[in-house]
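Heads up: the structure comes next, in structure tokens.
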Amino acid sequence: MTDQPAAATDPAAATDAAAATSADSTATSADPADWRDGVVYQIYPRSFADHDGDGTGDLAGILDHVDHVGPDVLPIDAIWLSPIYPSPGRDLGYDVTDHTAIDPLLGTEDDFDRLVAACHERGINVILDLVMNHTSDESAWFLASKASRDGPFADFYLWRDPSGWDADGKPLPPNNWVSFFGGPGWEWVPERGQFYYHTFLVGQPELNWRNPAVEAAQWDMVRGWLKRGVDGFRLDVFNAFLKDADLRDNPVIEGGSPWSRQDHRYDLDQPDFLELIGRFREIVDEEAGRMSVGELFTGGTPTAAAYTRGRHIVFDWSLMESPWTAAAFAAGIDLRERAYGPDLWPTIALSNHDRERQATRLSASVGRDRDPDRAAIAKAAAVVILASRGAPFLYYGEEIGMIDVDIPREEIVDPPALLAGPDFPWYDRSRCRTPMQWQPGPGAGFTTAKPWLRLADDADTRNVAVQLADPDSVLAAYRRLLRYRRTAPALRHGAMTRLPSGDPDVLAWTRTADGQRLLVVVSFVGQPRQLDLGTLAGGRWRAIVGSHREPAAVAPDGTIALRPDEAIILEAADG
Ligand code: GLC
């Protein structure tokens, strides 16, 4: 999760000048057992497909649609399932009561094993979302911890005595830490006569990772999933796991909300955190070919790069926070390439379950948030995410250009959105979590019941069935690009070098690996543009695939006439 609301990214003053100096990168991950350069598709299980007809998506529903992410429709390398464990659902699964089991709301243990087997039959890896920073306040660990200051679970959470008592005899919190979800960070528990800390909701008490028993219990859980055939893990808010051992006050700074008015020196990014990641990777590496991705919680690209280690990759938000301009994307790409350098492998995501969907955000960022512009931008963005260096993470519905849905207040299901106010700005995440749109008609093929969260108004026209039949659709673009990416080593793991395009609204870069050299050109405007590819990249080029059904052709003189919002991948014509 990133800071909310989205931080503005400074557009590069001179896109091309920056390109001329942008560092070459040569990182590859050419080991076939190392699939961190594959494409990951994030599924929010409650919203993907409802098999049992209760209005909420489930694992059997994902199984019903597993071929959607298989080689014939969207050839991806892995699905990431947002949390599937038992949970009271206060943070919709990010508040876990038992990390070793399947939430009955989503299905059975057997459903999970069948889903993993079906994915593996199709060559799809399965990534689980591990919420190891906190548990639900209804977990057995927390209930035992709350009940007694003695016993094996007493120190599983961040319990502290009050720092004093006010004039009314009320306990004062141990330090100045606040909750990211608004309000105080400390919750008083009279039974124990102590406070516990929670970065998120009161119902998400923070685990005490400085207790070796907590770490051991987490690694046991990880081993259990590895044995069950899971191929990788996403680590929720992983840089929050460790806190300062003395729980010192955070320094107070300028900011727009209680959270951003603190320098999070003592509750995030502790100096010994990298060692913890090393110990985690040792467990994961007990089984061959497994990956992990850390969710960077409120941190910049250099921090993401600093936590990247071999097969442990990290989300970086620079492109997710960029408006749809060539200057902003150039700045984001250059920042990433500089921070990661040639040896570290980045990730790239334009949407997830915490942020506005790319089809909404990018087009709105330039005041073009109506079709056909919106769909055209979504298709060009598909080229960016699938042709940049790094592991692409797609979010369910992105492939059909799903947009955010206006949710009336009484239907909001995102708890912090209900706390939002002038001192606590918040994007209602219900907007980007609406049910997948599979086909026209009631329930959109998602459910036969009333969906747990309202469907988009455009579900009859924007859905998988309609777009599968339309070669100009957003889905058709993602399919073409994904299919091509599979065949192109330079896209999968090649170095990336940005080139001056000669046009402030067009970006160009090359990708090179295994003797293959590709050129990518992306127009960020709804007007035609003319480029001279010989001057831009040298040599002769052939357009292969892009945002449009047929990419614009390169003229015999080496120029290309890009149509509005056109993005193209080209191969060297003479080599
Ligand atoms: C991560 C998740 C977000 C969740 C939070 C607390 O940022 O992506 O959805 O609310 O962690 O677990």
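Both counts, for ligands and for their atoms, begin at 1 and track the order of listing. Just so you know, residue 1 is the first one in the sequence shown, and it goes up from there. Computed from a predicted structure; not experimentally measured.
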Out of all atoms in ligand 1, which are within 4.0 Å of some heavy atom of [X]? Include the element for each.
| X | result |
| --- | --- |
| Arg429 | 3 (C), 4 (C), 9 (O), 10 (O) |
| Val237 | 1 (C), 7 (O), 11 (O) |
| Arg234 | 2 (C), 8 (O) |
| His134 | 6 (C), 12 (O) |
| Asp91 | 4 (C), 5 (C), 6 (C), 10 (O), 12 (O) |

Under-4.0 Å heavy-atom contact with ligand 1, by part of His198 that carries it: neither

Please work out whether any backbone atom (N, CA, C, O) or any side-chain heavy atom from C-beta onward of Phe181 is under 4.0 Å from ligand 1, and answer side chain, backbone, both or neither. side chain

Would you say Met132 contacts ligand 1, with heavy atoms under 4.0 Å as the rule? no

For Arg433, is the nearest heavy atom under 4.0 Å from an atom of ligand 1? yes

Under 30°, 30 to 60°, or over 60°: which ring-plane class applies to Phe241 and Trp209, parallel, tilted or perpendicular? parallel

Aromatic ring pairing His65/Phe48, orientation class (parallel under 30°, perpendicular over 60°, tilted between): perpendicular

Out of the candidates Arg309, Arg311, Arg234, Arg281, only one should pair with Ser292 under the side-chain hydrogen bond (donor to acceptor under 3.5 Å, both in side chains) rule; please name it. Arg281

Looking at non-hydrogen atoms alone, which of Thr298, Asp236, Asp354 comes nearest to atom 12 (O) of ligand 1? Asp236

If you draw a 6.0 Å radius around CG in Asp457, do more than 12 non-hydrogen atoms from other residues or ligands fall strictly inside? no

Ion pair present between Glu287 and Lys227, side-chain N to carboxylate O less than 4.0 angstrom? yes

Under the criterion side chain to side chain contact (heavy atoms under 4.5 Å, CB included), which of Val131, Asp103, Ile84 is the partner of Val96? Val131

By the definition ring-ring contact (aromatic ring centres under 6.0 Å, His included), identify the one residue from Phe315, Phe297, Tyr307 that meets it with Phe238. Tyr307

